[in-house]
Amino acid sequence: MRKIWQLLNEPDTVVLFDVDGTLTSYSYGELHAHHELDFTPEFRDVNIYADCKRLLPMYNYIKRHGVERIFCISKEPHGHEDWKSQMLELLYGIPADHCYYTLDTAEKPALAEQIVREHFGEFPPGKVVCVDDNDDTLAMYMKYTEFCTAHPMIFMENVQELME
């Protein structure tokens with residue numbers, strides 16, 4: 001994992017972050033980690049991102065790395081794209097045009113390749129890191145792209161370095 005951490009800290013590395021469970025806590029509910037209204041029509045009218053708090057290790061990393069090479073890819077089936085983008089800009093300074101959404105997690109690898117191609121052209125895949133908290137999604141990145149992968153715990157494991 002030291003090699004992944006070194007790669008994440010190279011200034012020309014492109015980082016593609018998941019949002020829920022990676023840049024925000026997944027504790028949206030009262031008694032459950034996820035919101036109890038999920039998969040119900042009324043959930044579309046609830047801005048679960050209004051009360052999100054900045055995760056300091058992630059913020060410090062993004063601040064240090066700069067947002068020019070930071071992008072977000074998030075599954076968003078509830079129509080919360082605008083609220084999620086506003087939260088990312090407010091808490092992390094990630095511009096809305098760096099936030100991409102899909103209805104299907106299986107589309108994340110192709111979307112990641114599209115983002116890199118559109119913003120950087122022919123860019124070395126070994127200089128791209130996809131950060132996601134879901135093991136199945138990380139496995140899809142590994143299977144369908146040549147990009148590196150990282151779990152958000154790597155930021156917690158290196159929190160001391162990020163706090164300096």
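The model shown is predicted, which means the values in this text are computed figures rather than measured ones.
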- Message: Could you tell me if the side chain of Met156 sits less than 4.5 Å from the side chain of Pro57, heavy atoms only?
- Response: yes
- Is there a side-chain contact between Ile154 and Ile4 (heavy atoms, below 4.5 Å)? yes
- Task: Using a strict cut-off of less than 4.0 Å between a Lys/Arg side-chain nitrogen and an Asp/Glu carboxylate oxygen, indicate whether Lys75 and Asp20 qualify as a salt bridge.
- Result: no
- ILVMFWY cluster, Tyr100 and Val131 together (side-chain gap under 4.5 Å): no
- Query: Between Tyr101 and His80, is the ring centre distance below 6.0 Å?
  - Reply: no
- Item | Donor-acceptor contact present, side-chain Ser74 to main-chain Glu76, <3.5 Å | no
- Do the side chains of Val19 and Leu88 get nearer than 4.5 Å, heavy atoms only? yes
- Item | Side-chain (His65) to main-chain (Thr13) donor-acceptor, under 3.5 angstrom | yes
- Please say whether more than 12 non-hydrogen atoms of neighbouring residues, nucleotides or ligands are located less than 6.0 Å from CE in Met142. no
- Item | Residue pair Leu16 / Val116, side-chain heavy-atom distance below 4.5 Å | yes
- Rounded to the nearest 0.5 Å, what separation is found between the CZ atom of Arg69 and the NZ atom of Lys127? 8.5 Å
- Near Glu81 CD, under 6.0 Å, is it more than 12 heavy atoms from other residues, nucleotides or ligands? yes
- Message: Under a 3.5 Å distance rule, please check whether Asp104 uses its side chain to pair with a backbone N or O of Glu107 as donor and acceptor.
- Response: no
- Nearest-0.5 Å distance that lies between atom SG in Cys148 and atom CG in Leu8: 8.5 Å
- Query: Is the shortest heavy-atom distance from the side chain of Val129 to the side chain of Leu7 under 4.5 Å?
  - Reply: yes
- Message: Hydrophobic cluster membership, with links at side-chain heavy-atom distances under 4.5 Å among I/L/V/M/F/W/Y: are Ile115 and Leu138 in one?
- Response: no
- Task: Using a cut-off of 6.0 Å, state whether more than 12 heavy atoms not belonging to Tyr144 lie near its atom OH.
- Result: no
- Hydrophobic cluster membership, Val15 vs Phe147, 4.5 Å side-chain cutoff: no
- Message: For Asp51, I'd like to know if atom CG has over 12 heavy atoms of other residues, nucleotides or ligands within 6.0 Å.
- Response: no
- Message: Is it the case that the side chain of Tyr92 and the backbone of Val67 share a donor-acceptor pair, with hydrogens and angles ignored and the cut-off at 3.5 Å?
- Response: no
- Phe17 with Trp83, same ILVMFWY side-chain cluster at under 4.5 Å: yes
- Item | Spacing of Leu91 atom CG and Lys53 atom NZ [to the nearest 0.5 Å] | 9.5 Å
- Query: With distance as the sole test, does Asn158 use its side chain to make a donor-acceptor pair with the main-chain N or O of Glu161 at under 3.5 Å?
  - Reply: no
- Note on the structure: CE (Met87) and SG (Cys99) are apart, to the nearest 0.5 Å, by 8.5 Å
- Between the side chains of Thr102 and Lys108, does any donor sit under 3.5 Å from an acceptor? no
- Item | Side-chain heavy-atom pair Arg64, Leu162 within 4.5 angstrom cut-off | yes
- Item | Close side-chain approach of Thr137 and Asp18, heavy atoms under 4.5 Å | no
- Of the non-hydrogen atoms in Cys72 and Leu23, which two are nearest, and what is the gap between them? SG-CD1, 3.7 Å
- Task: Classify the side-chain pair Asp82/Tyr49 by whether it contains a donor and acceptor separated by less than 3.5 Å.
- Result: no
- Item | Phe155 ring center near Tyr61 ring center (under 6.0 Å) | yes
- Message: Using only atom types and a distance under 3.5 Å, with no angle test, would you say the side chain of His151 pairs donor to acceptor with the backbone of Asp132?
- Response: no
- Looking just at side-chain N and O atoms, do Glu10 and Gln6 make a donor-acceptor pair shorter than 3.5 Å? no
- Query: At what distance, to the nearest 0.5 angstrom, does CD1 of Ile70 lie from CD1 of Ile62?
  - Reply: 5.5 Å
- What heavy-atom pair brings Ser85 and Ala96 nearest, and what distance separates the two atoms? CB-CB, 4.2 Å
- Find out whether Arg54 and Leu90 are in side-chain contact, i.e. whether some heavy atom of one side chain is under 4.5 Å from a heavy atom of the other. no
- Message: For residues Tyr59 and Met153: do they belong to one hydrophobic cluster (side chain heavy atoms under 4.5 Å, members Ile, Leu, Val, Met, Phe, Trp, Tyr)?
- Response: yes
- Atom CD of Glu118: over 12 foreign heavy atoms under 6.0 Å: yes
- Message: Checking Glu157 against Trp5: is there a side-chain donor and acceptor pair closer than 3.5 Å?
- Response: no
- Task: Output the distance between atom CE (Met140) and atom OG1 (Thr149), rounded to the nearest 0.5 Å.
- Result: 12.0 Å
- Query: Between Phe71 and Phe120, what is the ring plane arrangement, given parallel below 30°, perpendicular above 60°, and tilted in between?
  - Reply: perpendicular
